Amino acid sequence: MVHSAMVENPLMLGLPEEKRPEPFAMVIFGAHGDLCKRKLLPAIYALYVQNLLPENFAILGQSRTEKTDQKFRDDMKEAVIKYSEDLEFDQASWDRFAPSLYYRAGDSKNLESYKEMKATLAELEKQHGTMGNHIFYLSTPPSLYMPIITKLAESGLAIARKKNEPAWPRVVVEKPFGHDLASSLELDATLHDVLSEPQIYRIDHYLGKETVQNIMCFRFANSIFEPIWNREFVDHIQITSAETIGVEDRGAYYEEAGALRDMIQNHLMQLVALVAMEPPISLDPEATRDERVKVLNAIRPFSADTIDDFSVRGQYGEGYVLGDKAARYRDEKNVSPESTRETYAALKLYIDNWRWAGVPIYLRSGKRLAKRLTEIAIQFRKPPKMLFKQLGGSIYHNTPASESPNVLVMKIQPDDGISLKFATKQPGPTTQIRSLTMDFRYGTAFGSRTPPAYERLILDALIGDPSLYARSDFYEASWKLYQPLIEHWEKSVPGKSTGKGYLVAHRPFPNYESGSWGPQESDEMLSIEGHTWREL
Ligand code: BG6
């Protein structure tokens, strides 16, 4: 726990003067909502106490609920105390910060609200010297994104910035960015009608995680990994994002979304891109974003004949998670008792390019699984000759340790770090082989606070650096890839054979127990290729 009055500033390291944010006013749409309380305000406050905000700034909360500036400040103080990660609350810092917080109730579909907002922003500019720089943060239900963007344009609050114009409007859009290919293209077109691409920030909080940012550093700041980072040496890759929580109070949203849209189409695809991309020619935001998109464009599309062999969906039933009884998904609040919405999805992907041809990439993500954990595991090929095979001595997966392959694991969360599994001789008179791991852990290596994703992402949007945001073509490529699967799942009932493929006998929902590692079909999908999911 770090005391916020005397926070050392890890983010300041390497932050050159010209990269400090300019004065700004931020409007948060949906300021009465959960995200604002849990993530946005704690992140903005943390930036403030680390001296990463400019002197001149103002935050204007907006939502339908009536409240005064003072009530908003009190609510946000409570939220900051409750949700700030590793940052102890400091009253004196808060007292300096709070007068920059304002609130106005408004109807985001009504032009009048925007006229009032314009007047308020002009007022804040006088009081706080925000210099006409406005950042509009859309933290509302997605159905409001288009009306808000349209009204921002009609009121003249958001306009395409002309070159060399000093003041900037920017818009940050929360996920989900669209519901399918068509709706995401429509949203994108609406944004581009109003703004130019450098003014648009599509947030994917996975890109802001320190461990995720480190993937590129690990790969391209070292010379020993890249030569083996390809089909010659890598057998397959597994990306797991497991959660123990259920859908909590988000049943209504989840009924529309499901695991594929909620986690895989965005967060996990960013991980795939970072792990599989080519080295960018520079750290220019567009250069890195170009490489990430190229990976998506090289993924083999799902084909009607094999779609059931390349994808598995599941839904949790009753069970015990970490010792506590958990209800089935169909009994959650705002969920249909006959719901066919997936709470688990697993996929097999191939990237058909020179580096990765023939290397399966397995993805899985689910709620109410046995453990909370996100990791990327690169499993290398076995040695060409099993010299120590007959000696046994396994501690791993029933495979003799002499045969168990090297695995490099990037642990995204929790226990952030990197580990490498290798075989070694156990000391003694005989040659017994054991699997061991070499571990790097952020906590022990750096001993400092790891900034939460939103801190970095909000700072980048204020600076105007979109590197860690998704570009328009990334979402387009990702939705294009998943559109056939979405349609296939919409029209085929789980448990009813489509008559094609090997894994046709997917069982009806619910098909996995809460607290387990997901449906058995997921294991079968890997066993077809002679692989097994890692035991975590
Ligand atoms: C969100 C999803 O984007 O990511 C949630 O909507 C999910 O359903 C969350 O729980 C997971 O984020 P993290 O950072 O805890 O892995």
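Along the sequence shown, residues are numbered consecutively beginning with 1. Being a predicted model, the structure only gives us computed values, none of them experimental. Whatever order the structure lists them in is the order used to number ligands and atoms, beginning at 1.
- Ion pairing between D290 and R471 holds under the 4.0 Å rule for side-chain N and carboxylate O.
- Salt bridge status for R292 with E278: absent, with no side-chain N to carboxylate O gap under 4.0 Å.
- Each of Y512, Y316, F509, Y344 was evaluated against Y329; a single residue qualifies, Y316, per the ring pair (Phe, Tyr, Trp, His ring centres under 6.0 Å) test.
- Aromatic pair F24/W168: centroids not less than 6.0 angstrom apart.
- The six-membered or imidazole ring of F218 lies away from that of F220, with a centre-to-centre distance of 6.0 Å or more.
- Under 4.0 Å is where a charged nitrogen must lie from a carboxylate oxygen, and between K411 and E375 no such pair does.
- For ligand 1, residues of the protein lying within 4.0 angstrom by heavy-atom distance are K175, H205, Y206, K209, E243, R250, D262, M263, H267, K367, R372, Q413.
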